[in-house]
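Everything numeric in this text was worked out from a predicted model, so none of it was measured. Indexing begins at 1, ligand by ligand and atom by atom, following the structure's order. Nothing fancy with the numbering, it's 1 onward along the sequence.
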Amino acid sequence: MELFELYREISVKNEKKILLIVLDGIGDLPLKEDKTPLEAAKTPNLDILAREASLGLHDPVARGITPGSGPGHLALFGYDPLKYDVGRGVLSALGLGMDLMPEDVAARGNFATIDEQGNVLDRRAGRIPTELNKKLIGKLGTNIKEIDGVKIFLKTEAEHRFARVLRGEGLGGAVSDTDPQVTGKSPLVPTALNKGSEKTAEIVKNFIEKAGQILADEHPANFILLRGFDRLPLIPPVSEIFKLKAGAIASYPMYRGVAKLVGMEILGIEGEGEMLDEKVELLKTKFPEYDYIFFHIKKTDSYGEDGNFDAKVHHIEEFDNVLPEILSISPDVLVITGDHSTPVPLKNHSWHPVPVLLKSEFTRPDETTRFTEKEALKGSLGRFKGTELMPQLMAHALKFKKFGA
Ligand code: ZN
């Protein structure tokens, strides 16, 4: 039997409550005074917790693999990211609250600027304001509702970004990106990557031409680029595999999308900012109604990608500040970890294992005194694969029955 099938068989419902806090991209490398941001940050509340909890490290996908946030989160939710390979377009559309049917094809879009020769001048159209994005999406939506019987839905994400969903018969999700990824070149022609996606590629081509005509007089957003085409994968929900009523508190669309994909309810809060205080308030209100809540913090990753050591340190300290408020809800099982590392020196996601802190009535305390990469290495949880986190949470919540006689 596959492990995942075993989870389905041995999981039970009970009153115990699990809280998963994801500090996106938390893992890092030593930089200033040989310290990582977690080591440099003053975190009195996390320090107390680290002494009471078990620590360890997880490899989100596998050793040496640098994951995107999608696969990183799927792993934390207990789903094998290699088995459930989800396109970013699907995550964006779901995160924006667009309804996706099993046959729909989603993609991410950018407003862009092209010159008179049709070459891309700016792939992000100068990061136009979200308000202008909404106006242009309205204009496109009014003028292009359907192509060859396939319905088209568009929704603004933020700045230059939007999501696009195609709904109709005979569509496939295997279409190549039109974003050339560089300036000075013309947008790429959408191409079917398999036979079942030929109709989709034709419609996408047609859609882009029409959109180009409608936007021709706009500036700087006079064109669109599409990427990340995909269909909704069939994923059994957490309610079925883990018998959990699960909720997600995340402000950024992609994380809401990945949570929704595994059947979590998306709880309030939406927008570009971190909104930490609002999220904590929401958590306090909603926690009693759920068995499991996923609580996402984004900026630790953003500052890592910006290469901003001090800002990452500061954000960790801000999180430490609200930690007592969070702990006031007394989760039976508490985890603090990340979906991958985003080291400041790399300004990107990385393959480095991610610190994990796990606390429940049944954790074995270890010698760890702080929630840092180095301390995590000494922790009693050892080093494990990202997908092995969820079964440990289930066990600590006494939500797994014994396997075999
Ligand atoms: Zn991430």
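- T156 and N133 share a side-chain donor-acceptor pair at under 3.5 Å.
- Aromatic ring centroids of F400 and Y7 lie under 6.0 Å apart.
- Take the Zn ion (ligand 1) as the corner point: the lines to OD1 of D24 and to OG of S69 open at 130°, to the nearest 10 degrees.
- Taking the Zn ion (ligand 1) as reference, the nearest N/O/S atom within H340 carries the name NE2.
- For a distance bound of 2.8 Å, the N, O or S atoms of D301 include none lying that close to the Zn ion (ligand 1).
- Nearest N, O or S atom of D339 to the Zn ion (ligand 1): atom OD2.
- Judged purely by distance below 3.5 Å, without hydrogens or angles, the side chains of E375 and T369 pair a donor atom with an acceptor atom.
- R167 is linked by a salt bridge (Lys or Arg N to Asp or Glu O under 4.0 Å) to D104, counting only residues two or more places apart in sequence or in another chain.
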